[in-house]
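Remarks on the structure that follows.
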Amino acid sequence: MSTLEHNSENAAESLSFRHLLGADDVSRNDLEAILDRAAQYHADARSGRPIPAICTGRILATLFFEPSTRTRFSFESAMLRLGGRVVSLEQGEASSVKKGESLADTGRIVSAYADLIAVRHPQAGSAAALASQALIPVINAGDGANEHPTQALTDLYTIRHDKGRLNALTVGIAGDLKYGRTVRSLVTLLGLYPDVRFVLISHPSLQMDAPPANATITDNIADVIGDLDVLYVTRVQKERLKDAVEYEAVKNAFTLTPASLEKSKKDMILMHPLPRVNEIDPAVDALPQARYFEQAARAVFVRMALLALMQEPAPVTD
Ligand code: CP
């Protein structure tokens, strides 16, 4: 039976995790189940087929203590497209956390009001703290400089979609590799494919603390651009650097232009989790390698897949 048919709509397609707190929670089987389901939803959307409303009666709580455009809206859009509903905290400061309530208590309390939680917070470990007392599944939608596992799922979806595979690839990752949570989750998930080779490109002060063993490290993108199948660029995150002096020193480490991509492979794909600031000139957007807007658009199918596969049987309440 084709993977594009809705042959297994029930949630119990057996993901190995209950909470998604980091990319380490995801096995290769989990990953393939999520990406296959996302491909079904993507194909449905393209062909205009109705998407089964398998989250009818379910509520997603989006608790965001940090700004977001893509992650929050795509999670909320995903739940609505699956027939569910959403309760949202756009500004965590408006919650009782401001009064001193712990994240653990918040997780316990919100469990009575929703069926699934997606949380973003500036502190590393915050999603795990919230999940520690939650009675419903929790998804880490970005915890400080630690992890952003659903972004990595989205990234792998675009790599598989556009390159046709997740193995035998040379993947360049450029920008803020020290504080970049998307990068940390991406390297972990791509690590499920042992024949992926990494090229890490950054200012020396923004290098990854624990690079993968098979990584090449450089601060000169021009030296390596011709080797890459995928170039994944990230923003230097002003909000994570210690001070303005440190930011000024690294903020313009590189800006990709059409000229700087001239030596890339013709079928290289250029990705970015967005938002971008200075690192990709808008003139690059029209090049065939530029895939970051498609990458962001496809996030909704990946998050639909995740919500569908993570939902649990309806709770019995006292
Ligand atoms: N990629 C990403 O996490 O974007 P947002 O911060 O807009 O959610």
Side-chain angles (χ1 to χ4, degrees), residues 20-23 26 34-35 38 60-81 86 88-93 116-124 126-127 130 138-159 161-162 171 173-190 206 230-241 251 256 269-280 282 284-285 290-307:
L20 177 52
L21 303 178
V26 180
I34 294 163
L35 299 190
L60 169 70
T62 52
L63 309 183
F64 276 61
F65 297 81
E66 254 193 353
S68 169
T69 299
R70 279 147 290 273
T71 310
R72 189 168 70 81
F73 277 123
S74 62
F75 260 121
E76 295 185 357
S77 174
M79 193 54 157
L80 296 171
R81 285 167 195 243
V86 174
S88 187
L89 182 62
E90 289 172 47
Q91 299 176 31
E93 291 301 296
L116 220 143
I117 297 172
V119 59
R120 169 171 292 188
H121 193 281
Q123 282 170 13
S126 50
L130 193 121
V138 173
I139 300 172
N140 179 2
D143 64 329
N146 185 36
E147 286 246 24
H148 193 350
T150 69
Q151 178 65 47
L153 291 169
T154 293
D155 300 336
L156 264 68
Y157 182 76
T158 278
I159 295 172
H161 184 278
D162 289 6
V171 178
I173 307 180
D176 177 359
L177 311 188
K178 189 176 180 69
Y179 302 105
R181 59 192 177 197
T182 65
V183 166
R184 209 178 313 282
S185 297
L186 177 67
V187 166
T188 301
L189 272 196
L190 280 173
L206 292 178
V230 176
L231 174 55
Y232 186 96
V233 179
T234 63
R235 172 177 69 97
V236 174
Q237 301 172 97
K238 190 176 186 179
E239 66 273 27
R240 309 240 184 266
L241 298 182
K251 71 175 186 185
L256 286 180
I269 61 169
L270 176 61
M271 300 174 64
H272 192 309
L274 303 177
R276 67 171 155 188
V277 185
N278 300 317
E279 55 284 352
I280 301 181
V284 171
D285 298 355
R291 301 297 163 86
Y292 28 90
F293 293 122
E294 288 85 352
Q295 179 187 352
R298 294 166 184 164
V300 75
F301 305 119
V302 176
R303 292 188 169 115
M304 286 168 74
L306 202 56
L307 296 177

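Small disclaimer: the values here were computed from a predicted structure and weren't measured. Each ligand, and each atom within it, is numbered from 1 in the order the structure gives.
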> Under the side-chain contact (heavy atoms from CB on, under 4.5 Å) criterion, do Thr71 and Thr62 qualify, and how do the steps go?
Replying inline: CA-CA 10 Å; Thr71 310; Thr62 52; over 6 Å; no
>> List the residues meeting salt bridge (Lys or Arg N to Asp or Glu O under 4.0 Å) with Arg120, not counting sequence neighbours, and say none if there are none.
In response: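 If we apply the salt bridge (Lys or Arg N to Asp or Glu O under 4.0 Å) test to Arg120, skipping adjacent residues, there are no hits.
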> Just by distance, do the side chain of Arg184 and the backbone of Ala145 share a donor-acceptor pair under 3.5 Å?
Replying inline: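 At least one qualifying donor-acceptor pair exists.
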>> Go through it in stages, so that I can follow the logic: the residues are Thr158 and Tyr292, the test is side-chain contact (heavy atoms from CB on, under 4.5 Å), and I'd like the CA-CA distance, side-chain angles, deciding distance and then a yes or no.
In response: CA-CA 9 Å; Thr158 278; Tyr292 28 90; over 6 Å; no
> Between Ser74 and Arg303, do the side chains contain an N or O donor and an N or O acceptor separated by less than 3.5 Å?
Replying inline: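 Looking only at side-chain atoms, Arg303 and Ser74 do form a donor-acceptor pair, the distance falling under 3.5 Å.
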>> Regarding Glu76 and Arg72, does a basic nitrogen lie under 4.0 Å from an acidic carboxylate oxygen?
In response: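 The answer is yes: the pair qualifies as a salt bridge.
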>> Distance under 4.0 Å, heavy atoms only, partner ligand 1: which residues pass?
In response: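 The answer is Ser68, Thr69, Arg70, Thr71, Arg120, His148, Gln151, Pro273, Leu274, counting any residue whose heavy atom sits under 4.0 Å from ligand 1.
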